[in-house]
Protein chains: 2
Amino acid sequence: MQPDVFDPNCGSREVLNLIAGKWSALILYALQGRTLRHAELQRTIGGISQKMLTQALRTLEADGIIQRVALPVVPPHVEYSLTPLGESLSPLLTEVCRWAQDNLTDVQAARTVHAPG
Amino acid sequence: MQPDVFDPNCGSREVLNLIAGKWSALILYALQGRTLRHAELQRTIGGISQKMLTQALRTLEADGIIQRVALPVVPPHVEYSLTPLGESLSPLLTEVCRWAQDNLTDVQAARTVHAPG
DNA sequence: CAGAATCCCCAAGGATACTG
DNA sequence: CAGTATCCTTGGGGATTCTG
């Protein structure tokens, strides 16, 4: 039996929801091919709160998507990067982010047509 | 100035959030290359409520992603399909759904390692 | 700097009932 | 069949404060 995202009881549905989170795609996009620290991530991703960033990072780490490395120094120095599993997912979400940017105009035009007045 | 999903004030962020909705990816996945009626969509996507399906369809329609065709018959017959814009987005989300299915095992393994006991 | 903890609010979303 | 309307609950998520 293959995993099936159309099946609400299949684990792949959770995985999909993890990805569908408001911030996951942006975090993966930001970590594409580079390592960033907590503060750098927050600065890169405009509008994300510290709480949500931490929470998303924890979840993504638990799911094996990103790797967290804490250097034992004072003040703390924590680096986040993609795992191989994350590297395989990142390009897909990057594509989606790019699509959002590239097709913004078309979407806005559709909205105008659809909601006249 | 290019659209930038990292900018919280850029419209592309909304577009991304539209995609990031809990059901959008599944709906686009389900409509990949075919036309489905309301009830068929609900049957295909396990676990979605009628309310959420209708709501998501309305939003996707307003954003020019899907097309709604209501045949003037009794009882009502309404068909949903992708617009050209939707056709350009669908493959990307389909990839993400497939990734969720294909990498379910790895994610579950990572969770087990990460949360021992 | 990284993040844990707390408070609080609103929107997502489910369940149910009703309509053309 | 394809919705709309209503009620209600959950938790997503922001703001703020505190700590090693």
Side-chain angles (χ1 to χ4, degrees), chain A residues 5-9 13-27 30-31 34-63 66-81 114-115, chain B residues 5-9 13-27 30-31 34-63 66-81 114-115:
Chain A
V5 287
F6 287 137
D7 177 1
N9 299 319
R13 178 65 72 83
E14 293 178 45
V15 177
L16 183 61
N17 286 343
L18 144 80
I19 297 165
K22 191 177 179 182
W23 302 111
S24 306
L26 288 171
I27 291 173
L31 287 178
R34 60 179 174 177
T35 296
L36 290 178
R37 301 179 59 179
H38 187 101
E40 291 171 333
L41 268 171
Q42 192 169 3
R43 235 175 295 121
T44 302
I45 305 171
I48 192 171
S49 67
Q50 178 266 320
K51 175 186 166 183
M52 282 301 101
L53 177 57
T54 298
Q55 182 175 302
L57 288 171
R58 289 289 174 280
T59 306
L60 290 169
E61 185 194 3
D63 288 354
I66 67 173
Q67 189 185 14
R68 178 181 183 273
V69 176
L71 304 180
V73 296
V74 177
H77 184 112
V78 181
E79 298 185 335
Y80 294 95
S81 57
H114 190 265
Chain B
V5 287
F6 287 137
D7 177 1
N9 299 318
R13 178 65 72 84
E14 293 177 45
V15 176
L16 183 60
N17 286 342
L18 144 80
I19 296 165
K22 191 177 179 182
W23 302 111
S24 306
L26 288 171
I27 292 173
L31 287 179
R34 60 180 175 176
T35 296
L36 290 178
R37 301 178 60 178
H38 187 100
E40 291 171 332
L41 267 171
Q42 192 168 4
R43 235 175 296 123
T44 301
I45 305 170
I48 192 172
S49 66
Q50 181 270 324
K51 175 186 165 185
M52 282 300 101
L53 178 56
T54 299
Q55 183 175 302
L57 288 171
R58 290 289 174 281
T59 305
L60 291 170
E61 185 194 4
D63 288 354
I66 66 173
Q67 189 185 14
R68 177 181 184 274
V69 176
L71 305 180
V73 296
V74 176
H77 184 112
V78 181
E79 297 184 336
Y80 293 95
S81 57
H114 191 266

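The shown structure was predicted, so the numbers you read here are calculated from the model rather than taken from an experiment. Every chain is numbered from 1 and lettered A, B, ... according to where its sequence line falls, protein lines coming before strand lines.
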Please report the closest heavy-atom contact between [X] and [Y], naming both atoms and the distance.
X: A:Pro8; Y: B:Gly47; value: CG-N, 3.9 Å
X: A:Ala30; Y: A:Leu36; value: O-CD1, 3.7 Å
X: A:Arg37; Y: A:Pro76; value: NH2-O, 3.4 Å
X: A:Ile48; Y: A:Ile45; value: CG2-O, 3.3 Å
X: B:Val78; Y: B:Ala70; value: CG2-CB, 4.0 Å

Residue pairs passing the side chain to side chain donor-acceptor pair (under 3.5 Å) test where at least one lies in residues 39-54 of chain B, sequence neighbours excluded:
B:Gln50-B:Thr54
Mind checking side-chain contact (heavy atoms from CB on, under 4.5 Å) for B:Val74 and listing every partner two or more places apart, or none if nothing turns up?
none
Side chain to side chain donor-acceptor pair (under 3.5 Å) partners for A:Arg34, two or more places apart
none
What side-chain donor-acceptor pairs closer than 3.5 Å can you find for residues 17-26 of chain B, not counting sequence neighbours?
{"unit_1": "B:Ser24", "atom_1": "OG", "unit_2": "B:Leu18", "atom_2": "O", "d": "2.9"}

So, does B:Arg13 use its side chain to make a donor-acceptor pair with the main chain of B:Val5 at under 3.5 Å?
yes
Just by modelled atom types, is the B:Ser81 backbone N or O under 3.5 Å from a matching donor or acceptor in the B:Arg68 side chain?
no
So, using salt bridge (Lys or Arg N to Asp or Glu O under 4.0 Å) as the criterion, who are the partners of A:Glu14 when residues are at least two apart?
B:Arg111
Short of 4.0 Å, heavy atom to strand atom, which residues of residues 66-73 of chain B count as contacting DNA chain C?
none
Which residues within residues 39-61 of chain A lie with some heavy atom under 4.0 Å of an atom in DNA chain C?
A:Ala39, A:Gln50, A:Lys51, A:Thr54, A:Arg58
Heavy-atom nearest nucleotide on DNA chain D taken for A:Pro75 and for A:Lys22; more 5' hit belongs to A:Lys22
When the axes are fitted on five pairs at both termini, how much does the helix from C:dC1-D:dG20 to C:dG20-D:dC1 curve, in 10° steps?
50°
B:Leu31 side chain reached by B:Leu41 side chain, heavy atoms, under 4.5 Å
yes
Side-chain heavy atoms of B:Leu57 within contact of B:Tyr80, under 4.5 Å:
yes
Atom pair CZ/CG of B:Arg58 and B:Leu53 - distance to nearest 0.5 Å:
9.0 Å
Between which nucleotides of DNA chain D, 5' to 3', does chain B make heavy-atom contacts below 4.0 Å?
D:dC1 to D:dC7
Earliest and latest nucleotide of DNA chain C, 5' to 3', sitting under 4.0 Å from a non-hydrogen atom of chain A?
C:dC1 to C:dC7
